[in-house]
Number of protein chains: 2
Amino acid sequence: MRNHEEQRSYHHGDLRNALIRAGLELLAEGGAAALDLRKVARKAGVSHAAPYRHFADKQALIAAINEEGYYRLVERMRAARAQEPNDDIFAQLLAIALAYIHFAIENPWLMREMFSGLTVERESYPDLYEASKQVFKQYVEVITRGQQQGSIIQGEVGGLAGVLWSLLHGVAMLIIENQMSPYVEGPEKIEHMALLSVQTLYRGMGGR
Amino acid sequence: MRNHEEQRSYHHGDLRNALIRAGLELLAEGGAAALDLRKVARKAGVSHAAPYRHFADKQALIAAINEEGYYRLVERMRAARAQEPNDDIFAQLLAIALAYIHFAIENPWLMREMFSGLTVERESYPDLYEASKQVFKQYVEVITRGQQQGSIIQGEVGGLAGVLWSLLHGVAMLIIENQMSPYVEGPEKIEHMALLSVQTLYRGMGGR
DNA sequence: ACCTGAACACCGTTCAAGT
DNA sequence: ACCTGAACACCGTTCAAGT
């Protein structure tokens, strides 16, 4: 008679993931202020002390949420690149730019948390650290390919990838933090900003 | 006998500014977590309720702190530009880049607060909004000058200024949020990153 | 006008206790 | 092993009261 255990004595088979999901939802709905541990627990249907069975403290839960954020962002970047011809570097760059910027706009609070290295010591959370490095890797791959086929100037890949990432990160963050409002109101203006960024970058890195 | 009033009944002639200064110090020392209203009041030597005479709530104090941060950042950018020949656009760009990035590195928590438009509704704080716009204005000035003398391509100034700002903002934020660690360890590598960014941008915007 | 002290609601964290 | 309920320290905010 134990074959359909809908009601376990312990509410979750996987409370850890339920807490992460609840956190992601609260973050999306109400921002960082809404990401409070007691509310997360309530949403997951357990007492406010239960999360401490799965996370050392609030930071650890946030780290897990951020990790999930990186998975989603990288997946989005990967998917966007896959849509474009592998050797059309400009198209690859634009695709990755739009993916990055749109992800930020759709998940502003998550994005903000993910890039709050000042608050969360990424070194203390190896899984998070690994996940976050995949973002940089995406940029490195595009730059490397561009250099191989000669559309991007030679030079240390890391530096160029850093410049590329920085530009896209800056656009994304300034948009979601509401700092460039007049120039990025509406989807067309945002796309235009992304295009202008990629054009400048592509030309600056020796493209064309 | 009231001519040397060292001990006023109300501790401050200017509690408002004392609170802002205390907040800036706490932020610099212990990060956002240390920026708590009761601690700020304690540091300024008043009761925890006193700040509410000068600020509607914690957000309002943070807005005032951010405003001061923008003044300092803009002043720094202005001073850096003033050191370089007015018509050497590349030098102007590099100076502004180094000023921006170094300010961020020296004031990471303040920088973070300043650009947290998601948390603080800048529209609700007109002085803050005005102060923040001065940053963008610095970029606009350089781009405009570059276009006038022909070293930067024509096109809407706002867009180009946005790209410039985005790149520098991205570099600064990724550095302080500890996301590009291997490539920006030590002052030389940071200067190199700034140089590479400006070179890419300058070339991308038609310079040389 | 400006500040204080008590009070309230709420949060992160701990811990003895339950199954 | 996993979860609960009470408890502690602390924070943002309010308010009646003091000078």
Side-chain angles (χ1 to χ4, degrees), chain A residues 1-2 5-23 25-27 29-66 109 113 116 119-121 124-125, chain B residues 1-2 5-23 25-27 29-66 109 113 116 119-121 124-125:
Chain A
M1 301 295 188
R2 303 166 63 249
E5 21 186 7
E6 281 140 15
Q7 277 194 332
R8 319 182 186 222
S9 54
Y10 306 129
H11 298 61
H12 292 85
D14 193 359
L15 179 54
R16 193 189 132 89
N17 272 306
L19 290 168
I20 294 174
R21 262 196 307 272
E25 284 171 31
L26 285 170
L27 194 59
E29 292 161 10
L35 187 56
D36 98 59
L37 215 46
R38 292 170 99 110
K39 226 175 282 176
V40 170
R42 220 175 296 145
K43 186 151 191 157
V46 293
S47 85
H48 61 261
Y52 288 89
R53 284 296 114 199
H54 300 274
F55 299 100
D57 51 22
K58 192 183 176 183
Q59 288 296 328
L61 171 61
I62 292 179
I65 289 173
N66 291 354
W109 286 105
E113 282 300 324
S116 57
T119 321
V120 179
E121 304 279 336
S124 313
Y125 303 95
Chain B
M1 301 298 191
R2 304 166 64 247
E5 23 186 5
E6 281 141 14
Q7 278 196 328
R8 318 181 187 222
S9 52
Y10 306 128
H11 298 60
H12 291 86
D14 193 358
L15 180 55
R16 194 189 131 89
N17 272 305
L19 290 168
I20 294 174
R21 263 196 306 274
E25 285 171 30
L26 284 170
L27 194 59
E29 292 160 12
L35 188 56
D36 98 59
L37 216 45
R38 292 170 99 110
K39 226 176 282 177
V40 171
R42 221 176 295 145
K43 186 152 191 158
V46 292
S47 83
H48 62 263
Y52 287 88
R53 284 297 113 198
H54 300 274
F55 299 101
D57 51 23
K58 191 183 177 183
Q59 288 296 326
L61 171 61
I62 292 178
I65 290 173
N66 291 355
W109 286 105
E113 282 300 325
S116 57
T119 322
V120 179
E121 303 281 335
S124 314
Y125 303 96

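Predicted model, so just to flag it, every value in this text is computed and none were measured. Only heavy atoms go into these numbers, but all of them, side chains included; no hydrogens, no water, no symmetry mates.
Thr119(A) meets the side chain to side chain donor-acceptor pair (under 3.5 Å) test with Arg112(B); sequence neighbours excluded. For Lys39(A), the side-chain contact (heavy atoms from CB on, under 4.5 Å) partners are Leu26(A), Asp36(A), Arg42(A), not counting sequence neighbours. Glu121(A) meets the salt bridge (Lys or Arg N to Asp or Glu O under 4.0 Å) test with no other residue; sequence neighbours excluded.
Heavy-atom nearest nucleotides on DNA chain C were determined for Arg53(A) and for Arg53(B), and the one closer to the 5' end corresponds to Arg53(B).
Closest heavy-atom contact between Ala41(B) and Ser47(B): CB-O, 3.4 Å. Contact detail for Leu15(B) and Ala50(B): the closest heavy-atom pair is CD2-CB, 4.2 Å.
Interatomic distance, CG of Asp14(A) versus CZ of Arg21(A), reported as 7.5 Å (0.5 Å rounding).
Residues Glu113(A) and Leu27(A) are in side-chain contact: their nearest non-hydrogen atoms beyond the backbone lie under 4.5 Å apart.
When base pairs are accepted only as Watson-Crick or G-U wobble with both N-N or N-O distances under 3.5 Å, DNA chain D takes part in stems of 3 or more pairs at C:4-8 with D:12-16, C:12-16 with D:4-8.
Separating the CZ atom of Phe55(B) from the P atom of dC2(C) is a distance of 13 Å, rounded to the nearest angstrom.
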Give me the distances for all protein-to-nucleotides 9-12 of chain C N/O pairs that come in under 3.5 Å?
unit_1, atom_1, unit_2, atom_2, d
dC11(C), OP1, Asp36(A), OD2, 3.0
dG12(C), OP1, Leu37(A), N, 3.1
dG12(C), OP1, Lys58(A), NZ, 3.0
dG12(C), OP2, Asp36(A), OD1, 3.2
dG12(C), OP2, Leu37(A), N, 3.0
dG12(C), OP2, Arg38(A), N, 3.3
dG12(C), N7, Arg38(A), NH1, 2.6
dG12(C), O6, Arg38(A), NH1, 2.9

Side-chain donor-acceptor contacts of residues 56-65 of chain B below 3.5 Å, not counting sequence neighbours, with atom names and distances?
unit_1, atom_1, unit_2, atom_2, d
Asp57(B), OD1, Gln59(B), N, 3.3
Asp57(B), OD1, Ala60(B), N, 3.1
Lys58(B), NZ, Leu35(B), O, 3.1

